[in-house]
**Q** 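This is the structure I have questions about; it appears just below.
For ligands, and for the atoms within them, numbers begin at 1 and follow the listed sequence. Basis for what follows: all heavy atoms, side chains included, without hydrogens, waters or symmetry-related copies.
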Amino acid sequence: MRLFDKPILVTRPYFPPIDEFRAGCEEIWENQWLTNNGPMVQRFHSRLAEYLGVPDTNIALFVNGTVSLEAAYQIMGLGGGDVITTPFTFVATSHALRRVGATPVFADINPDTMCLDPDSVEKLVTRRTKAIVPVHVYGGMCDTEAFAALSRKYGIPIIYDAAHAFGVLNAKTNTSGGVGPEWGDVSMFSFHPTKLFHSCEGGLLVFRDPSLQQKLFDLRNFAIKSETECEDVGMNGKMNELQALMGCLCLDRIDELLDARRRIYEAYAEEFAARPSAITLVPHSSNKAYVPVLFDSAATRERVYNGLKECNVHPRRYFYPTLTDFAPYCYGRGTCPVADDIASRVLTLPTYHGLPLDDVRAIARNVVELACS
Ligand code: T4K
C-alpha cells in the first residue's frame, strides 16, 4: 500500500495561470464594474453559448448552481405541486424544490446508469405532478428519450439537473448541452470549483424556450423592472465579474481539462482491468467528471473508504446516504431500494487536472488491495 505524504483529495479546483487572471482583473478595474451583468459576464455568456452551440437567447448565468435551479423551478411554476425526482444526488436538487414550495416525490434509479428510472417515475405521476427533475449523475446521461416521451404523454416539463454534465456529448445526438428535446425544457450546469469546469462558483441554465430568458434575467435581479416596479418575488442570483473572468479562463482550456479527466479515468480503468469481481468502475459518463467505483458490498466500500483515508487519500461517498435518509426528505425513506443499495456500495475516487498518473495508479492498486483484503 502506498502512503501519500500530502493529502490526495477527491478533487482540486483548476487554477489558470495567475498572470492571465491578473490581466483580466486589470480590465475589470479599468471598467469600474463588478456585478449586475457587467461586460465580463456578457463575454462569458456569449462564449458559453458558442461552446454549447446554442443561441445566446437560450441561456442565463447565475451566481451558483443551486440558485439557478431555484430560478428554473420558480419560472416553470412548480411551487405548490409535486415534482418527481431522484434520491441519488446532491441535496441541492431537492433543497431548491422545497425552497420554491414544491414537494419532491422520490422515484428509484436504474442500477446501471444510477440515473432516475423512467418506469419508476411513471408509476408516481398524479394530477399533482408538475414536473420531473432527473439528474445526469456523474455526467452520465439519463434515458432522455424516455423522459421526453413521458413529458409528451403527461404534458409536464422535464428539468434536468445537469450539474455534472458540462462537456458531455449526448451519444445519440452528438450535442453538448443543446436545446433539443434530449436536453429537456431546462438544464442546469454547475460551475462550482469542484467541477471539471468552473467559475469559482456559478450556474448556467440552458432552456428550449427563448422567451424564458428575460424572465430569468429579471428574476435573478430581484424581479425589479425599473426604479419603481417590482413584479415578482425575485432573488439576487447574479454572477459577478471576477467569477466570469475565472470562467472565461477555464473555458480557454476546456479541452485540456476534459483530456486530463479522460487520461486519469483510463489509468484507473487499466489498473482495474484485471479487477476482482469486487470492483466495478462505472463507465457511462463521457466527460469523466467523476470516477465512481461500485463494490460488491457495503462492507467492502467502507473498508476501502477508511483504508484509503489511512493512506492519506480522501475519496468521497457521493451520494451517500440517499436524500430520503436526510431529515427534510425522510418521508420517502425505504421507497427507493435500488438507490439505497447503490449509495451504500459506491465510492468516488480522486480526479482532477494535475493529479499525477503515477499517483492514480498507486491509488487504484491500494483500492484493489483493500477490496480484496
Ligand atoms: N446538483 C448536483 C447534482 C450537484 O452535485 C450539485 C453540487 C448541485 C446541484 C449544486 O450546484 P452548486 O450550487 O454547488 O453550484 C461539493 C460541492 O460543494 C458541490 O458543488 C457539489 N455538487 C457536490 C457534489 O460536491 P462537498 O460538500 O463535497 O464539498 P467540499 O467542500 O467537501 O469539497 C470537496 C473536495 O474538494 C474536498 O476534498 C476539498 C476540495 N476543495 C474544495 C473546494 C471548494 C478544494 O481543494 N478547493 C476548493 O476550493 O460538496
**Q** Heavy-atom pairs closer than 4.0 Å: do any link ligand 1 to the side chain of Thr66, the backbone, both, or neither?
**A**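 Both backbone and side chain.
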**Q** For Lys195 and ligand 1, does the shortest N/O to N/O distance drop below 3.5 Å?
**A** yes
**Q** Please find out if less than 6.0 Å separates the ring center of Phe88 from that of Phe106.
**A**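 Centroid separation for Phe88 and Phe106: 6.0 Å or greater.
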**Q** Does any N or O atom in Tyr290 lie less than 3.5 angstrom from one in ligand 1, N or O only?
**A** no
**Q** Specify the protein heavy atom at minimum distance from atom 35 (C) of ligand 1: its residue, its atom name, and the distance to 0.1 Å.
**A**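 Checking every protein heavy atom, the shortest distance to atom 35 (C) of ligand 1 gives Val10 CG1, 3.8 Å.
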**Q** By number and element, which atoms of ligand 1 are closer than 4.0 Å to a non-hydrogen atom of Ser190?
**A** 11 (O), 12 (P), 15 (O)
**Q** Evaluate the side chain to side chain donor-acceptor pair (under 3.5 Å) criterion for residues Lys6 and Asn312: first the C-alpha distance (whole Å), next the side-chain angles of each, then the deciding distance (0.1 Å), finally the verdict.
**A** CA-CA 7 Å; Lys6 291 191 183 147; Asn312 215 5; over 6 Å; no
**Q** Closer than 4.0 Å and a protein heavy atom, does any atom meet both conditions relative to atom 31 (O) of ligand 1?
**A**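 When distances to the protein are checked, atom 31 (O) of ligand 1 has no heavy atom within 4.0 Å.
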**Q** Is it the case that the side chains of Thr129 and Asp82 hold a donor-acceptor pair, with the cut-off being a distance below 3.5 Å and no angle test?
**A** no
**Q** Out of His192, Arg12, Glu70, whose heavy atom sits nearest atom 20 (O) of ligand 1?
**A**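 The option holding the nearest heavy atom is His192.
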**Q** Tell me whether His314 reaches ligand 1 (any heavy atom closer than 4.0 angstrom to a ligand atom).
**A** no
**Q** Which of the numbered atoms in ligand 1 are below 4.0 angstrom from a heavy atom of Ala163?
**A** 1 (N), 2 (C), 3 (C), 4 (C), 9 (C)
**Q** Can you tell me which residue among Thr86, Thr93, Thr85 is in a side-chain hydrogen bond (donor to acceptor under 3.5 Å, both in side chains) with Asp161?
**A** Thr93
**Q** By number and element, which atoms of ligand 1 are closer than 4.0 Å to a non-hydrogen atom of Met188?
**A** 9 (C)
**Q** Heavy-atom contacts with Ala92 under 4.0 Å: which atoms of ligand 1 show up? List them by number with element.
**A**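 Near Ala92, the atoms of ligand 1 are 8 (C), 9 (C), 10 (C).
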**Q** Taking N or O atoms only and a 3.5 Å limit, does Gly65 qualify as a polar contact for ligand 1?
**A** yes
**Q** Give the residue, atom name and distance (to 0.1 Å) of the protein heavy atom nearest atom 6 (C) of ligand 1.
**A** Phe90 CD2, 3.5 Å
**Q** Answer yes if the side chains of Tyr329 and His95 hold a donor-acceptor pair under 3.5 Å, and no otherwise.
**A**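 Judged by distance alone, the side chains do pair up.
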**Q** With Asp359 as reference, evaluate Arg365, Arg12, Arg2 under the salt bridge (Lys or Arg N to Asp or Glu O under 4.0 Å) test and give the passing residue.
**A**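 Of the listed options, the one satisfying the test is Arg2.
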**Q** Could you tell me if the ring centre of Tyr352 sits under 6.0 Å from that of Tyr14?
**A** no
**Q** Between Phe90 and Tyr318, is the ring centroid distance below 6.0 Å?
**A** no
**Q** How close does the nearest protein non-hydrogen atom get to atom 42 (C) of ligand 1, and which residue and atom is it?
**A** Thr194 CG2, 3.8 Å
**Q** Provide the number and element of each atom of ligand 1 under 4.0 Å from a heavy atom of Thr11.
**A** 36 (O), 40 (C), 46 (O)
**Q** Could you check whether any side-chain N or O of Arg303 sits under 3.5 Å from a backbone N or O of Ala371, counting only pairs where one atom can act as donor and the other as acceptor?
**A** yes
**Q** Could you find the nearest protein heavy atom to atom 9 (C) of ligand 1 and give me its residue, atom name and distance?
**A** Asp161 OD2, 3.5 Å
**Q** With distance as the sole criterion, is a donor-acceptor pair present between the side chains of Asp218 and Gln214 under 3.5 Å?
**A** yes
**Q** When only distance counts, is Thr89 in polar contact with ligand 1, meaning an N/O pair under 3.5 Å?
**A**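 No, since none of the N or O atoms of Thr89 sits under 3.5 Å from an N or O of ligand 1.
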**Q** Looking at Phe191 versus His164, is the centre-to-centre ring distance below 6.0 Å?
**A** no
**Q** So, Thr194 versus His192: side-chain donor-acceptor pair below 3.5 Å or not?
**A** yes
**Q** Specify the protein heavy atom at minimum distance from atom 37 (C) of ligand 1: its residue, its atom name, and the distance to 0.1 Å.
**A**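 Ranking protein heavy atoms by distance from atom 37 (C) of ligand 1, first comes Arg316 NH1, 4.1 Å.
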**Q** Of the protein's non-hydrogen atoms, which lies at the shortest distance from atom 39 (C) of ligand 1, and what is that distance?
**A** Leu9 CD1, 3.9 Å
**Q** Determine whether a donor-acceptor pair (N or O, by modelled atom type, separation under 3.5 Å) exists between the side chain of Gln243 and the backbone of Asn240.
**A**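 Yes, the answer is positive, given that a donor and an acceptor are paired below the 3.5 Å cut-off.
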**Q** Provide, to 0.1 Å, the distance between atom 29 (O) of ligand 1 and the closest protein heavy atom, together with that atom's residue and name.
**A** Tyr318 OH, 4.3 Å
**Q** To check your reading of the model: name the closest protein heavy atom to atom 49 (O) of ligand 1, its residue, and the distance in Å.
**A** Pro13 CG, 3.5 Å
**Q** Could you tell me whether ligand 1 has any atom less than 4.0 Å away from a heavy atom of Gly203?
**A** no
**Q** Any donor and acceptor pair, going by atom type alone, linking the side chain of His136 with main-chain N or O of Cys142 inside 3.5 Å?
**A** yes
**Q** Taking only heavy atoms of Thr93 into account, list the atoms of ligand 1 that are under 4.0 Å away from them.
**A** 1 (N)
